[in-house]
Amino acid sequence: MGDIANIILVGIMALLGGIPSICMFVSIPVILAGKISRKIKYGSSLYD
């Protein structure tokens with residue numbers, strides 16, 4: 001019984017750690033692409 005609880009706990013911890021990591025892995029390139037395209041199109045700063 002204890003082994004099943006450990007497996008479930010590890011699975012929940014993997015989800016709680018993995019979901020934010022995936023979000024950052026996807027959102028950072030999207031943000032950078034938007035900033036670069038805005039820099040090319042409008043000449044605005046990359047830091048805004």
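Only heavy atoms go into these numbers, but all of them, side chains included; no hydrogens, no water, no symmetry mates.
- Between Gly34 and Ser37, the shortest heavy-atom contact is O-OG, 3.0 Å.
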N/O donor to acceptor pairs below 3.5 angstrom from side-chain atoms of residues 10-29, sequence neighbours left out:
residue	atom	partner	partner atom	Å
Ser21	OG	Gly17	O	2.9
Ser27	OG	Cys23	O	2.9

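- Residues meeting the side-chain contact (heavy atoms from CB on, under 4.5 Å) test with Lys35, sequence neighbours left out: Ile31, Arg38, Leu46.
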